[in-house]
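Right, one structure below, let's go through it.
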Amino acid sequence: MSRDHVQSAQRAAGGGKPPAAGVPGVPAHGLTPPEEDAEAPFLELLARGAPVDAYERPVLLARAEGRPGERIAALERAKLLALRVRAELEGRRRREAELSALFETAHDLAGLRDLDAVLQAIVQRARSLLGTDVAYLSLNDPVRGDTYMRVTEGSVAARFQQLRLGMGEGLGGLVAQTARPYVTDDYFKDDRFQHTDAIDAGVRDEGLVAILGVPLMLGHHVIGVLFAADRRARVFEREQIALLGSFAALAAAAIDTANLLTETRSALARLERANEIIQDRSGVIERASEVHDRLAELVLRGGGVHDVAAAVSEVLDGTVEFTEPDGAPASALDESRAEGHAVRHQDDWIAAVAAGGELLGALVLRGHPGLDPVDQRTLERAAMVTSLLLLARRSAAEAEQRVRGELLDDLLDARDRDPRLLRERAARLHADLDATHVLLAARLDGPAADADQEAAARRRLWSAASHLAATRKGLAAARDGGTVLLLPLASHDTATELARRTARHLGRAVHEAVTVGASPPVRDLAARPDGVAAAYTEARRCLDALRLLGRTGDGAAADDFGFLGLLLAGDRDVTGFVDRTIGPVVAYDARRGTELLRTLDAYFACGMSPARTKDELHVHVNTVAQRLERVARLLGDDWQTPSRALEIQLALRLHRLSAPERR
């Protein structure tokens, strides 16, 4: 930057003139000798668009190096000048962005085809430029004498999106009534406008605090209100109010243009209908127009696949059904997919529902062999709309599934995450990380013909697991060739029961055997994310054990395997196993000074023979019998069954090995 530029920047920042030439000690260019190179580091920061805090570094460095006070003062002045220049540049960039957005909106208005699309673009750009959480637009209803929501952006509350405000009610009603902008930095503490229960409930549902509203004007008449709002206290600057007013002017122009276009279209439609009277196929054309409008209306209001089928059934005066790919004749479905047209199959018509080379299903018109070309195209158009609806629904579901999977991946991998942020992310997904959870590892066990079929089966498993997690307020992610779920555990439930239910549910969903291993219950996931990784390791070991034991399609937890759980558990809880297996006998001996443990050792060592046991212990056989009866009362009558006897012998050996440490 030249000296002239620096002097210009100084004049812009300080509002004064550079020192005049000829003043003693001041050079003609306006900078004292220490200032001549003081601006250099700040010019470099300006050139590379550095953040504000970077401008403190040259001053701090000079102080650290012990530079003279004159040099530091020069740097301070250069810093202030540079920050003012930076602020001016930022302001110009912001104004350029605002002007660009206004230009783009005006361009959209010039090519207006869809009023809703233009209004949606206006509120989107207003929300983006003002940096607010929500932007929305309401229109006045002259018949009912109130104003209603037309377009929202960033809104999440259904009640808020359906609000109607009477004139003078709420901030929006006041703007609509007075034709003046209003702003509040805290809605519920502002008594300048009339609060009503319905409006306050909607605003509270949305969580809004600071709201700015400007009128939409056509001439001297208010036709609606454009809003920008935040979910926190905020002061809207004068420039932001003016910017939102500019967007409101464009929105009003868009509505006016759309009304004129509507009137023009109505006139043209009347002419077309008059012309259709003299056309041979007026009835067919009217049906095509009807189905087009109905399908468009269904899409706009968020209708589903079966709504489309019902609408086409009514228009074609027949029964139209949507079926999965395996629910329609394969030959007719393949022909329709290849040709892109509906084809006849006996007395039915088949229209393939496909997108991007993927077959999603079919629309089938039942018992209607006589179908003219226009009705055939109607069925084909309905199939196209159906494919779009299916793709949109899939995209929305996959987006939520990805978010849930990312959070679970972070819990498994990034153990140093901020617990507060983890809780906030979970809350947005309606999950509670402070509740007790069980981590489940699930895997398909059916044979796959090839890699493509295996990948498709894994995607189905992940999709089914994600849906289950969403309905149970849990999380799911694809991992290690299978799927991992984190589900809350009810107070009356166990990890084993949850694993078995999950295996059955996923198996029915994917039509294949799904094996599920469960961890023990885990708590405080946000505060102790390392517990999630440990629980996943436990669940994987349990899953592997189930598969090794041939229990595919089943679910279990590590505790279900008895002593085998010791071999699977990461911590090898010997004490817990011994206590669960022979704890009552150990406690009885400790209290009474008896020798039940020694008797059990001898009994098993002698092949479970009382006669040989009495010789080993040098006691009477009746003494052995009495002691074994006491063991049966303590451990249960089934203690000598093979499986229980094996666990008891293992527990006795572990107890002997750990006894020296206990002493």
Is the side chain of T537 donor-acceptor paired with the backbone N or O of A533 at a distance under 3.5 Å, no angle test?
yes
Rounded distance (nearest 0.5 Å) linking atom CG of L444 with atom CG of L461:
4.5 Å
With a 4.5 Å limit on heavy-atom distance, are the side chains of V522 and T436 in contact?
no
For residues L487 and L489, determine if any side-chain heavy atom of one lies less than 4.5 Å from a side-chain heavy atom of the other.
no
Value for CG (D348) from CD (E321), rounded to nearest 0.5 Å, stands at 9.0 Å
Flag, side chain of E206 to backbone of A157, donor-acceptor distance under 3.5 Å
yes
Pairing donors with acceptors under 3.5 angstrom, does anything connect the side chains of T599 and R627?
yes
Please walk me through it: do Y588 and R633 pass side chain to side chain contact (heavy atoms under 4.5 Å, CB included)?
CA-CA 11 Å; Y588 190 91; R633 285 196 292 272; over 6 Å; no
Which pair of heavy atoms, one from V514 and one from A442, lies closest together, and at what distance?
CG1-CB, 4.0 Å
CG of D638: more than 12 outside heavy atoms within 6.0 angstrom?
yes
Can you measure from CG (L597) to CG (D589) and round to the nearest 0.5 angstrom?
4.5 Å
Between R460 and E512, is there a side-chain heavy-atom distance shorter than 4.5 Å?
yes
Can you check whether R630 reaches L596 side chain to side chain, under 4.5 Å on heavy atoms?
yes
How about R479 and Y536: do any of their side-chain heavy atoms sit closer than 4.5 Å?
yes
Measuring from atom CG of L600 to atom CG of L635, what distance do you get when rounded to the nearest 0.5 angstrom?
7.0 Å
Heavy-atom side-chain contact between L208 and D230 under 4.5 Å:
no
Give a yes or no on whether a salt bridge exists between R540 and D480, defined as a side-chain N under 4.0 angstrom from a carboxylate O.
yes
In terms of the angle between their ring planes, are W639 and F604 parallel, tilted or perpendicular, with boundaries placed at 30° and 60°?
perpendicular
Compare all side-chain heavy atoms of L485 with those of L475 and state whether any distance is below 4.5 angstrom.
no
Residues pairing under salt bridge (Lys or Arg N to Asp or Glu O under 4.0 Å) where one sits in residues 488-501, two or more places apart or in two chains, turn out to be D493-R501
Distance from Q649 atom CD to L652 atom CG, nearest 0.5 Å?
7.5 Å
Atom pair NE2/OG of H437 and S519 - distance to nearest 0.5 Å:
11.0 Å
Check whether any side-chain heavy atom of P329 lies under 4.5 Å from a side-chain heavy atom of I350, and answer yes or no.
yes
Measure across V134 and G154 and return the closest heavy-atom pair with its distance rounded to 0.1 Å.
CG2-O, 3.8 Å
Quick check: does any side chain N or O of R443 sit under 3.5 Å from a backbone N or O of T483, one acting as donor and the other as acceptor?
no
Taking only residues two or more places apart in sequence or in another chain, which ones pass side-chain contact (heavy atoms from CB on, under 4.5 Å) with S336?
V343, A352
Hey, could you give me each pair passing salt bridge (Lys or Arg N to Asp or Glu O under 4.0 Å) that has a residue in residues 149-159? Not counting sequence neighbours.
D116-R150, R127-E153, R159-D205
Can you see whether E647 engages T581 through a side-chain donor-acceptor pair at a distance of less than 3.5 angstrom?
no
Throw together a table of side-chain donor-acceptor distances under 3.5 angstrom for residues 502-509, partners on residues two or more places apart or in other chains.
{"from": "T502", "atom 1": "OG1", "to": "L498", "atom 2": "O", "distance (Å)": "2.7"}

D434: which residues meet the salt bridge (charged side-chain N to carboxylate O under 4.0 Å, His left out) condition with it, sequence neighbours left out?
R423
Pairwise salt bridge (Lys or Arg N to Asp or Glu O under 4.0 Å) hits with a residue in residues 515-526, at least two apart:
none
